[in-house]
Amino acid sequence: MADDKKITKRADDYSAWYQDIVLRAELADYSPVRGCMVFRPRGYAIWENIQRDMDRRFKETGHVNAYFPLMIPESFMKKEAQHVEGFAPECAVVTHGGGEKLEEPLVIRPTSETIIGSMYAKWVQSYRDLPILINQWANVVRWEMRTRLFLRTTEFLWQEGHTVHETHDEAWEEVVRMLGVYRSFAEEMLAVPVIAGRKSDSERFAGALTTLCIEGLMQDGKALQCGTSHDLGQNFTKAFDIKYLGRDGKQAFAWSTSWGVSTRLIGALIMAHSDDQGLVMPPNVAPEPVVIVPIWKNDDEKALVLGKAHELAQALKACGIKPHVDDRENLKPGFKYNEWELRGVPVRVELGPRDVASSQCVLARRVSGTGKETVPLAQAATRIGEVLKEIQAFLFERALAYRKEHTTSVSTYDQFKQVLDGKGGFVRANWDGTKETEARIKEETKATIRCIPDDDHAPTGNDVLSGAPGKHSVLYARAY
RNA sequence: CGGGGUGUAGCUCAGCUUGGCUAGAGCGCUUGCUUCGGGAGCAAGAGGUCGCAGGUUCGAAUCCUGUCACCCCGACCA
């Protein structure tokens with residue numbers, strides 16, 4: 001009843017708010033191991049929903065799943081120069097096993113390009129063996145100095161696609177295709193609008209020629225990278241000797257790609273939609289899209305109301321909607337309402353004796369509400385289906401409006417800094433294409449080039465900082 | 001690794017300055033009864049080697065030394 005029921009307001013302390021939401025909605029918890037987190041059932045359910053839909057999209061684009069080992073011989077990591085350099089500082093290394101020191105240490109995968117590359121070298125002989133289109137769902141470990149639940153932890157879950165192609169053109173097509181898959185997934189399922197584009201050289205994946213990405217914008221005005229797709233060129237195929245006999249009878253190195261999204265997406269979901277009342281979940285990935293709260297005073301009413309509640313649940317299941325009947329005895333309905341709101345349930349159905357008597361129920365929505373709505377039981381399932389769609393669309397539109405509001409084009413460095421320190425968000429500016437400018441802006445403002453958007457046009461103006469002719473029109477932001 | 005903070009019941013914390021009797025509160029938990037349409041009430045109960053290790057003392061949650069852990073803020077990253 002006192003303050004312990006409240007969660008921190010976003011305006012007061014955004015990080016504390018985020019932490020409150022994750023812990024209070026029981027999505028995750030801290031673990032005994034520093035930097036590692038526990039995915040609690042409600043948080044893991046979101047990941048399962050993400051996996052199910054994304055896996056379907058991967059299969060539809062011709063991919064198959066496989067699984068490669070957690071531990072990678074240390075020497076593999078060293079075969080691609082930039083790759084080692086990029087990942088060495090954050091690798092966990094196993095030095096002992098079976099009570100003995102290992103002859104060669106094993107790296108816990110921070111990503112699997114190397115071990116998968118070593119296998120592909122065996123599997124690829126001829127152009128007829130290409131393309132290879134494999135995805136794996138796995139955990140990876142990257143030693144992090146500072147961690148945040150879902151957004152950055154030492155161990156996290158993800159999927160990594162690794163493909164090999166005959167030509168660079170085909171590989172590039174794949175890179176673009178998968179970024180498109182990520183983009184539509186983020187927008188359709190997570191209701192998070194994202195900007196698709198290309199990373200600058202300094203933000204590129206260690207060992208890639210080009211990294212494409214989707215970037216989302218959170219409610220505190222900071223950007224969050226939501227997925228990446230890499231054109232690895234022949235860097236790894238040369239390092240691991242992935243060669244094929246071509247149509248022309250000559251040996252050639254293949255071209256490879258990799259792409260991934262992680263459980264960080266759950267952090268994006270939370271930060272994009274939730275409010276000061278708690279979690280807000282888009283229906284398409286919510287652990288519980290619909291909760292039915294039965295109301296009763298005595299055993300007779302309980303039997304009556306619960307019976308109807310389960311009937312309604314059946315009707316919803318028949319429509320492909322997953323309902324949860326909250327029949328806990330010891331809690332009053334009012335308490336349950338508040339709890340499910342904190343947990344982000346999109347639609348709550350209230351069903352009491354008076355409703356049963358008049359064959360109706362009451363719908364309450366977590367967002368976009370115009371008060372409660374009374375619906376005849378016979379039409380409830382259909383109506384709930386409609387409301388869920390409305391909420392899904394509403395969340396996307398609201399997030400999109402926020403992003404439009406928080407994307408500002410600037411032509412001077414003063415404006416640039418003013419926007420960053422003011423409303424935040426994406427700042428669109430011309431860039432001269434040099435590392436030096438990028439580094440100085442990062443140094444001075446903590447903003448990085450999030451991406452060179454797909455609609456990059458030859459800029460007419462000059463670089464905001466250096467004043468040199470602009471090469472690209474890019475999006476800057478402070479980022480997670 | 002630098003700066004700041006915190007370790008006492010499942011959670012949030014009080015007690016420590018000025019050592020002393022059986023270590024407390026609220027919430028949560030268990031049992032029972034009454035409640036139940038927006039965070040229920042009463043009653044009884046369970047639950048703590050006071051982060052850890054030394055030291056001072058007749059006596060330490062409290063004082064001293066050391067140590068560990070975690071959180072927050074800065075330098076790397078999906």
Side-chain angles (χ1 to χ4, degrees), chain A residues 1-6 8 13-16 18-20 23-24 29-36 85-91 110-111 138-160 182 199 202-206 211 213-216 223-230 258-268 277-278 293-299 301-302 305 326-342 348-357 360-362 364 371-372 374 442-443 446 448 450 479-480:
Chain A
M1 195 153 304
D3 290 352
D4 60 326
K5 288 194 174 163
K6 298 267 184 250
T8 309
D13 184 342
Y14 195 82
S15 318
Y18 176 77
Q19 210 175 19
D20 279 357
L23 297 174
R24 295 282 304 282
D29 205 349
Y30 291 102
S31 79
V33 183
R34 176 200 185 85
C36 294
E85 200 186 316
F87 283 105
E90 43 185 318
C91 284
T111 178
N139 60 337
V140 286
V141 167
R142 298 182 185 177
W143 218 260
E144 297 290 350
M145 305 199 225
R146 201 168 147 216
T147 58
R148 271 146 112 18
L149 294 169
F150 290 117
L151 296 174
R152 174 166 303 110
T153 48
T154 293
E155 180 187 2
F156 58 95
L157 308 180
W158 78 345
Q159 64 58 222
E160 45 181 327
Y182 288 159
K199 284 292 186 193
S202 68
E203 299 273 327
R204 208 175 31 173
F205 177 77
T211 289
C213 64
I214 51 171
E215 292 279 327
L224 181 70
Q225 181 173 307
C226 291
T228 47
S229 183
H230 315 291
S258 69
W259 28 272
V261 300
S262 73
T263 38
R264 168 181 261 197
L265 284 178
I266 299 173
Q277 273 65 253
V293 179
I295 299 157
W296 67 78
K297 281 192 181 65
N298 52 49
D299 285 352
E301 287 182 356
K302 179 181 165 189
V305 167
D326 184 358
D327 58 1
R328 290 175 295 176
E329 310 250 357
N330 50 334
L331 300 172
K332 291 180 67 175
F335 181 90
K336 294 179 181 177
Y337 298 168
N338 283 289
E339 188 177 65
W340 290 116
E341 278 163 18
L342 168 69
R348 181 180 72 240
V349 181
E350 303 170 11
L351 188 65
R354 295 205 297 270
D355 298 312
V356 175
Q360 61 177 36
C361 63
V362 175
K372 295 184 187 181
T374 303
K442 182 176 179 182
E443 174 74 29
K446 301 204 188 323
T448 48
R450 299 321 302 158
Y480 278 96

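Within every chain, numbering begins at 1; the chains are lettered A, B, ... in the order of the sequence lines, protein sequences first and strands thereafter.
- When the nucleotides B:C71, B:C76, B:A78 are ranked by their closest atom to the side chain of A:Met145, B:C76 comes out on top.
- Both key distances under 3.5 Å define a Watson-Crick or G-U pair, and stretches of 3 or more such consecutive pairs in RNA chain B run B:1-7 with B:68-74, B:10-13 with B:24-27, B:29-34 with B:40-45, B:51-55 with B:63-67.
- Checking the phosphate oxygens (OP1, OP2) of B:C71, no side-chain nitrogen or oxygen of A:Thr147 falls inside 4.0 Å.
- Comparing the C1' positions of B:A46 and B:C21 gives an interatomic distance of 25 Å, to the nearest angstrom.
- With hydrogens and angles left out, the side chain of A:Glu341 and the base of B:G38 share a donor-acceptor pair within 3.5 Å.
- Comparing the C1' positions of B:C68 and B:G54 gives an interatomic distance of 14 Å, to the nearest angstrom.
- Counting heavy atoms of neighbouring residues, nucleotides and ligands inside a 6.0 Å radius, atom CG of A:Asn298 exceeds 12 of them.
- Counting to the nearest Å, the P atom of B:G10 and the CG atom of A:Leu23 are 18 Å from each other.
- As rounded to the nearest Å, B:G47 and B:C33 have P atoms that lie 24 Å from one another.
- For the P atoms, the distance from B:A23 to B:G48 is 12 Å, rounded to whole Å.
- As rounded to the nearest Å, B:U65 and B:C29 have C1' atoms that lie 40 Å from one another.
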Please list, pair by pair, any protein nitrogen or oxygen found under 3.5 Å from a nitrogen or oxygen in nucleotides 33-37 of chain B.
{"from": "B:C36", "atom 1": "O2'", "to": "A:Trp296", "atom 2": "O", "distance (Å)": "3.0"}
{"from": "B:C36", "atom 1": "N4", "to": "A:Lys297", "atom 2": "O", "distance (Å)": "3.0"}
{"from": "B:G37", "atom 1": "OP1", "to": "A:Lys332", "atom 2": "NZ", "distance (Å)": "3.3"}
{"from": "B:G37", "atom 1": "N7", "to": "A:Arg354", "atom 2": "NH1", "distance (Å)": "3.4"}
{"from": "B:G37", "atom 1": "O6", "to": "A:Gly352", "atom 2": "O", "distance (Å)": "3.3"}
{"from": "B:G37", "atom 1": "O6", "to": "A:Pro353", "atom 2": "N", "distance (Å)": "3.1"}
{"from": "B:G37", "atom 1": "O6", "to": "A:Arg354", "atom 2": "N", "distance (Å)": "2.7"}
{"from": "B:G37", "atom 1": "O6", "to": "A:Asp355", "atom 2": "N", "distance (Å)": "3.3"}
{"from": "B:G37", "atom 1": "N1", "to": "A:Asp355", "atom 2": "OD2", "distance (Å)": "2.5"}
{"from": "B:G37", "atom 1": "N2", "to": "A:Asp355", "atom 2": "OD2", "distance (Å)": "2.9"}

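- The phosphate of B:G74 has OP1 or OP2 within less than 4.0 Å of a side-chain N or O from A:Arg146.
- Comparing B:A40, B:G38, B:A78 against the side chain of A:Lys372 picks out B:G38 as the nearest.
- Among the nucleotides B:G38, B:C72, B:A78, the one closest to the side chain of A:Arg264 is B:A78.
- Atom P of B:A61 sits at a distance of 14 Å from the matching atom of B:G19, rounded to the whole Å.
- In this structure, A:Gln19 reaches the B:C72 phosphate: one of its side-chain N or O atoms is under 4.0 Å from OP1 or OP2.
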